[in-house]
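Since the model is a prediction, treat every value here as computed from it, not as a measurement.
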Amino acid sequence: MAYPHRNHPTARTGSTTVPIPHTAARTALFAGALTAALTAAFLHAPQALAEPSPAGRNACETDPEAPPKQQMRAEWIAGVQNIDWPSRQGLSADEQKAELDGLYDEAVDNGLNSVFVQVRPTADAFWPSPLEPWSEWLTGEQGGDPGYDPLEYAVEEAHARNLEFHAWYNPYRVAMHDDPSQLVEDHPARQNPDWVFEYNGQLYYNPGIPEAREFVVEAMMDSVENYDIDGVHFDDYFYPYPAEGQEIPDEETFAEHGGDFDDIEDWRRDNVDTLVREMSEAINATKPHVKFGISPFGIWRNSSTDPEGSETSGSQSYDDQFADSRKWVTEGWLDYINPQVYWEIGLPVADYAVLVPWWEEVAASTDTHLYIGQAAYKVGNEGAWSDPNELSSHLDFNRDHAGVHGDVYFSANSLRTNAQEAMETVVTDHYSSPALIPVKEDLGGAAPASPEASATDEGTLEITAGSGEAPAYFAVYGFEGEPDPEQGECGIEDPRNMLGTVRADEDGAATFDVSDGSGTTYYVTALDRLHHESRVSEAVRLP
């Protein structure tokens, strides 16, 4: 069983230069793939290229065979137990940096556009937190200074590659052991022993104690306030997964803090709901552009238990972790929900083809985006997972469900080991063209002004921001042959024409390598950090 994500359904920057993508993407580029024409008004209105015109874009017909232009493509990078990064305790700062660089580079090679990096695995920190000790998963010694700021480095290097960075936290887990004396002396859990309970060999903050809940929110918000992260991410651990023969030791807490609740399980769910709601409110009050998402266990409730549930018969997060994940979506507390649908298509107890439409329906009437958690770690197991095409089949299925906005893979190390072949198939079948991250309109933001671009004798595009607020990054599109107004209006809606993206530096400038692009016409757009896209630049060709 992979850890920390559960899978068993019944068990419980300066100016940056970016090369043109590899051959497959380039071949797709020159395929053209323009199947629609604009109305005469747009074709003969060159001034329309100078300012955003959503109505104009909406008039474009799109090729039904084209892949999605906006799609979350992410991986989890786990720190607990050194699953992904760092790969072991005690590496030097340079070795840790090199490992993360390698994971990020592989993410880019796999066509991903985001990373979810675990920065608070066990009530400890991957940054110099004033509230919690340095993580033992960095140095092997809790409280041991790694000699640099891992979170700062992780954010900067993700952005340098134009990867969106989601900081991943585990709210309540204190330790993978049950001995408080092993924690550093000034650990908040030792200073406040009444906040902590032991369950199944591990230590947890008690979600039913208001002071403990307020502390974990404050501890996580320290990083939100002080780092340029793009998202806050929780996994599936709230109350611990049930262990046979054990009861959560919170009867006294319930007696003291249960209020008007008659049922301890309803009270526990309310405790988790309160954490989710308060974290959502804190993020929105501090940095409203930062997204908040959770990756719960893939089954909320079975229909045999609750008519609102899915046609499944596995463990239920509502009952087992007291995580009312459906409520978090319908109440609007989350920007995205990322259920761990870690089962194959056709599995009777928890069918992927049943759960994805169920989650799609839950999110359909809300502003919450739906991403699907994919079990890359299971590739190579017996049964359906022995087929390296299983992951690609999941994405085939998702293409028929417009409410699915993307996928997140657990975890990074699996994509370079057991799931390497499967991911190569995913890249070939689904990720051969770049994708922008989906826009969540209720977070605000606006498309920047169109950028300016020029070509150099050295085969690069020199890109600068237009007027107004500087963009976060640029997207570059290429078309074979002479300029055509249709390219800049509708051609950019097909991601097969996108060469890639490049982060803007502090001055709103970037450089993009097009040295092999003789005979190609280029257009560039500017995007804000929330992925609103400008109209195109003037057409550019190499000298």
Side-chain angles (χ1 to χ4, degrees), residues 12 120-125 129-133 169-222 232 234-283 285 292 294 296-297 300-301 315-328 331 333:
R12 56 111 212 222
R120 186 181 179 272
T122 46
D124 49 17
S129 169
L131 300 172
E132 295 182 307
Y169 312 80
N170 186 289
Y172 288 122
R173 184 171 58 211
V174 172
M176 305 297 290
H177 56 77
D178 60 3
D179 182 3
S181 68
Q182 293 185 32
L183 304 174
V184 292
E185 188 173 354
D186 61 350
H187 195 294
R190 289 190 67 176
Q191 299 298 311
N192 302 277
D194 56 317
W195 289 2
V196 180
F197 64 68
E198 182 276 329
Y199 184 84
N200 196 30
Q202 298 184 14
L203 297 175
Y204 297 87
Y205 283 126
N206 189 335
I209 296 177
E211 295 81 5
R213 184 185 68 248
E214 292 164 4
F215 171 78
V216 299
V217 170
E218 183 182 5
M220 293 183 289
M221 284 301 300
D222 179 72
V232 166
F234 290 175
D235 55 29
D236 51 322
Y237 287 86
F238 295 95
Y239 280 88
Y241 277 78
E244 186 176 357
Q246 299 192 39
E247 296 291 334
I248 296 174
D250 61 352
E251 290 283 352
E252 293 182 5
T253 311
F254 177 54
E256 181 176 356
H257 297 288
D260 295 331
F261 283 94
D262 296 323
D263 185 283
I264 194 170
E265 295 190 353
D266 288 340
W267 169 72
R268 289 171 180 163
R269 274 184 287 274
D270 185 69
N271 293 332
V272 177
D273 288 347
T274 302
L275 169 74
V276 173
R277 175 177 49 79
E278 290 181 348
M279 192 67 188
S280 178
E281 292 170 350
I283 295 167
F292 180 33
I294 297 179
F297 184 77
W300 171 70
R301 297 194 97 185
S315 302
Q316 307 169 106
S317 66
Y318 181 96
D319 303 273
D320 293 339
Q321 294 85 52
F322 309 101
D324 192 352
S325 49
R326 181 177 178 273
K327 180 179 180 179
W328 308 335
E331 290 291 333
W333 296 336

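To the nearest 0.5 Å, the span separating CD on Gln316 from CD on Gln321 amounts to 10.0 Å. Rounding to the nearest 0.5 Å places CZ of Phe254 at 13.0 Å from CD1 of Ile248.
Annotation: side chain of Phe197 is in contact with side chain of Pro240 (closest heavy-atom distance under 4.5 Å). For the pair Asn271 and Tyr172, the minimum side-chain heavy-atom distance is 4.5 Å or more. Under the 4.5 Å side-chain criterion, counting only non-hydrogen atoms from C-beta, Asp324 is not in contact with Val272. Counting only heavy atoms from C-beta outward, the side chains of Met279 and Tyr169 never approach each other to under 4.5 Å. Contact check for Leu275 versus Phe234: side-chain heavy atoms found under the 4.5 Å cut-off.
When the side chain to side chain donor-acceptor pair (under 3.5 Å) test is applied to Tyr199, no partner is found at least two apart in sequence or on another chain. Residues that satisfy the side chain to side chain donor-acceptor pair (under 3.5 Å) test with Thr122, not counting sequence neighbours, are Asp124, Trp137. Residues meeting the salt bridge (Lys or Arg N to Asp or Glu O under 4.0 Å) test with Asp319, sequence neighbours left out: Arg301. Legend: residues meeting salt bridge (Lys or Arg N to Asp or Glu O under 4.0 Å) with Asp178, ordered by chain and number and at least two apart, are absent. In this view, Asp222 satisfies the salt bridge (Lys or Arg N to Asp or Glu O under 4.0 Å) rule with no residue, not counting sequence neighbours. Applying the side-chain contact (heavy atoms from CB on, under 4.5 Å) criterion to Val174, with sequence neighbours excluded, gives Ala123, Leu183, His187, Ala189, Leu203, Tyr205. With sequence neighbours left out, Glu281 forms a salt bridge (Lys or Arg N to Asp or Glu O under 4.0 Å) with Arg277. Taking the side-chain contact (heavy atoms from CB on, under 4.5 Å) definition, one finds that Gln182 meets it with His177, Asp179, sequence neighbours left out.
The nearest pair of heavy atoms linking Ser317 to Phe297 is CB-CB, 4.0 Å. Closest approach of Phe238 and Ala323 over heavy atoms only: CD1-CB, 4.1 Å. Of all the heavy atoms in Asn170 and Arg120, the pair that sits closest is O-NH1, 2.6 Å. Contact record, Trp328 with Val276: CE2-CG2, 3.9 Å, taken as the closest heavy-atom pair. Scanning both residues, Ala175 and Gln202, for their nearest heavy atoms gives O-CB, 3.3 Å.
Pairs of residues two or more places apart, or lying in two chains, never qualify as salt bridge (charged side-chain N to carboxylate O under 4.0 Å, His left out) while including a residue from residues 189-198. Each side chain to side chain donor-acceptor pair (under 3.5 Å) pair with one or both residues in residues 257-266, not counting sequence neighbours, appears once here: Asp266-Arg269. Pairs engaging residues 244-255 under the salt bridge (charged side-chain N to carboxylate O under 4.0 Å, His left out) rule: Asp250-Arg268 [sequence neighbours left out]. Applying the salt bridge (charged side-chain N to carboxylate O under 4.0 Å, His left out) test to residues at least two apart or on different chains, the pairs with a partner in residues 200-219 are Arg213-Glu278.
A donor-acceptor distance shorter than 3.5 angstrom exists from the side chain of Thr274 to the backbone of Asp270, with no hydrogens or angles considered. Arg173 contributes no side-chain N or O that, together with a main-chain N or O of Tyr204, makes up a donor-acceptor pair within less than 3.5 Å.
Of the N and O atoms on the side chains of Asn200 and Tyr241, not one donor lies less than 3.5 Å from an acceptor on the other residue.
The aromatic rings of Tyr239 and Phe322 stand perpendicular to each other, their planes meeting at an angle above 60°, with 30° marking the opposite boundary. Ring geometry for Phe215 versus Trp195: interplanar angle of 30 to 60°, hence tilted.
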Between Ile294 and Trp333, does a side-chain contact (heavy atoms from CB on, under 4.5 Å) hold up when you go through it step by step?
-> CA-CA 10 Å; Ile294 297 179; Trp333 296 336; over 6 Å; no

